[in-house]
> 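My questions will all concern the structure given below.
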Amino acid sequence: MAQAVEDWYKQMPVITRSYLTAAIVTTIGCSLEIISPYNLYLNPNLVVKQYQIWRLVTNFLYFRKMDLDFLFHMFFLARYCKLLEENSFRGRTADFFYMLLFGSTVLTTIVLVGGMIPYVSESFAKIIFLSNSLTFMMVYVWSKQNPYIHMSFLGLFTFTAAYLPWVLLGFSVLVGASAWVDLLGMIAGHAYYFLEDVYPKMTGRRPLKTPLFIKNLFADDSVVVARPAEVRFAAPPVDEIRR
């Protein structure tokens with residue numbers, strides 16, 4: 001059993017494995033009180049005034065309590081992050097990383113701007129961890145890219161993948177979770193899907209082209225090229241010489 005889990009973990013692509021590991025380690029560390037969530041949550045004042053820049057990253061790594069909801073999100077993270085990286089972004093690790101960076105930026109911006117809008121600022125002020133939203137964004141993007149796959153929810157009913165985000169949103173409402181968290185993920189996911197898949201087909205322009213410096217962070221598979229001095233050409237067959 002342990003060997004099977006180890007093999008499954010090692011077979012994960014690099015971004016999925018890194019994010020899943022960081023999320024589990026961070027959440028377990030907070031549960032054991034090795035790490036304090038107060039040092040991780042998104043706080044604009046501390047980021048700007050005290051230069052605690054790490055909060056822009058760490059708020060995406062903590063998944064609250066280690067309960068059933070945590071297991072659900074770890075499953076979604078491991079499954080849909082892996083599916084995206086292995087299929088839609090196969091051989092494009094830099095593009096996948098840029099997608100997560102784009103989603104994180106959109107989510108952070110929405111929360112910061114929403115916190116300054118009257119009547120809704122109080123709701124946005126309660127959103128201090130965006131890990132669940134980023135996971136939901138990946139689910140949304142995957143469902144848009146694979147809309148016709150048939151799925152089943154807890155064996156109760158079947159539907160196509162296009163409706164998966166809405167099914168999960170309804171489930172969150174039923175169990176009493178905040179719908180805002182899932183909605184933010186859907187907004188960020190739709191923004192990426194529109195700019196990456198819809199807008200280029202309409203205009204021929206791709207606004208989310210991955211910057212070169214990000215591409216340089218992820219080396220491509222090495223290709224062995226023989227040097228000219230090492231190239232040898234076989235002599236032509238005798239029959240061809242006589243012709």
> Are Asn43 and Gln52 side-chain neighbours, meaning at least one heavy-atom pair lies under 4.5 Å?
no

> Classify the angle between the aromatic ring planes of Tyr62 and Phe129 as parallel (below 30°), tilted (30 to 60°) or perpendicular (above 60°).
perpendicular

> Tell me if a side-chain donor or acceptor on Ser133 pairs with a main-chain N or O of Val181 at a distance below 3.5 Å.
yes

> Shared ILVMFWY cluster between Val57 and Val47, side chains joined below 4.5 angstrom?
no

> Are Phe97 and Phe218 close enough that their ring centres sit under 6.0 Å apart?
yes

> Taking only residues at least two apart or on different chains, which pairs with a member in residues 201-212 satisfy salt bridge (Lys or Arg N to Asp or Glu O under 4.0 Å)?
Glu196-Arg206

> Okay, side chain of Thr26, backbone of Ala22: is any donor-acceptor separation there less than 3.5 Å?
yes

> With a 6.0 Å cut-off (strictly less than), is the heavy-atom count around CH2 of Trp54, excluding the residue itself, greater than 12?
yes

> Out of curiosity, Ile214 CD1 to Tyr98 OH, how far, rounded to the nearest 0.5 Å?
6.0 Å

> Does any non-hydrogen side-chain atom of Ser36 lie less than 4.5 Å from one of Asn39?
yes

> Give a yes or no on whether Ile34 and Val25 share a hydrophobic cluster (residues Ile, Leu, Val, Met, Phe, Trp, Tyr; joining criterion: side-chain heavy atoms under 4.5 Å apart).
no

> Do Tyr140 and Tyr163 belong together in a cluster built from hydrophobic side chains that touch within less than 4.5 Å?
yes

> Do you know the tightest heavy-atom contact between Thr58 and Leu40?
OG1-O, 2.8 Å

> Mind checking the CE-CD1 spacing from Met99 to Ile15? Nearest 0.5 Å is all I need.
10.0 Å

> Do Phe102 and Val113 land in one hydrophobic cluster if side-chain heavy atoms of ILVMFWY residues count as linked below 4.5 Å?
yes

> Look at the aromatic rings of Tyr41 and Tyr38 and report parallel, tilted or perpendicular, splitting at 30° and 60°.
perpendicular

> Using every non-hydrogen atom in the two residues, find where Pro207 and Tyr199 come nearest and quote the distance to one decimal.
CD-CD2, 3.6 Å

> Shortest non-hydrogen contact from Arg17 to Lys10?
NH1-O, 3.5 Å

> Measure the CD-SG distance between Glu85 and Cys81 for me, rounded to the nearest 0.5 Å.
6.0 Å

> To the closest 0.5 Å, what do you measure between CE (Met151) and CG (Leu164)?
5.0 Å

> Work out which heavy atom in Ile149 is nearest to a heavy atom in Trp142; give both atom names and the distance.
CD1-CZ2, 3.8 Å

> Tell me, with the steps shown, if Asp95 and Lys215 meet side-chain contact (heavy atoms from CB on, under 4.5 Å).
CA-CA 8 Å; Asp95 293 341; Lys215 286 185 175 293; 3.4 Å; yes

> Are any of the side-chain heavy atoms of Phe60 and Thr108 separated by less than 4.5 Å?
yes

> With a 6.0 Å cut-off on ring centres, are Phe194 and Tyr192 close enough?
no

> Looking only at non-hydrogen atoms, find the nearest pair between Leu56 and Leu42 and report the distance.
CD2-CD1, 3.9 Å

> So Pro13 and Thr93, do their side chains get closer than 4.5 Å, heavy atoms only?
no

> Whether Glu86 and Lys82 form a salt bridge (side-chain N of Lys/Arg under 4.0 Å from carboxylate O of Asp/Glu) is what I want to check.
yes

> Rounded to the nearest 0.5 Å, what separates atom CD1 in Ile127 from atom CD1 in Ile110?
9.5 Å

> Any donor and acceptor pair, going by atom type alone, linking the side chain of Thr16 with main-chain N or O of Met12 inside 3.5 Å?
no

> Look only at the side chain of Arg92 and the backbone of Ser88, and say whether a donor-acceptor pair between them is shorter than 3.5 Å.
yes

> If you compare all heavy atoms of Gly185 against all heavy atoms of Leu107, which two are closest, and at what distance to 0.1 Å?
N-CD2, 4.1 Å

> Could you give the distance from CE (Met138) to OG (Ser143), rounded to the nearest 0.5 Å?
13.0 Å

> Between Asn59 and Ile128, does the side-chain contact (heavy atoms from CB on, under 4.5 Å) criterion hold? Intermediate values first, please.
CA-CA 7 Å; Asn59 81 92; Ile128 56 178; over 6 Å; no

> Are Phe96 and Leu100 side-chain neighbours, meaning at least one heavy-atom pair lies under 4.5 Å?
yes

> In the single-linkage hydrophobic clustering (I, L, V, M, F, W, Y; side-chain heavy atoms under 4.5 Å), do Leu130 and Leu112 co-cluster?
no

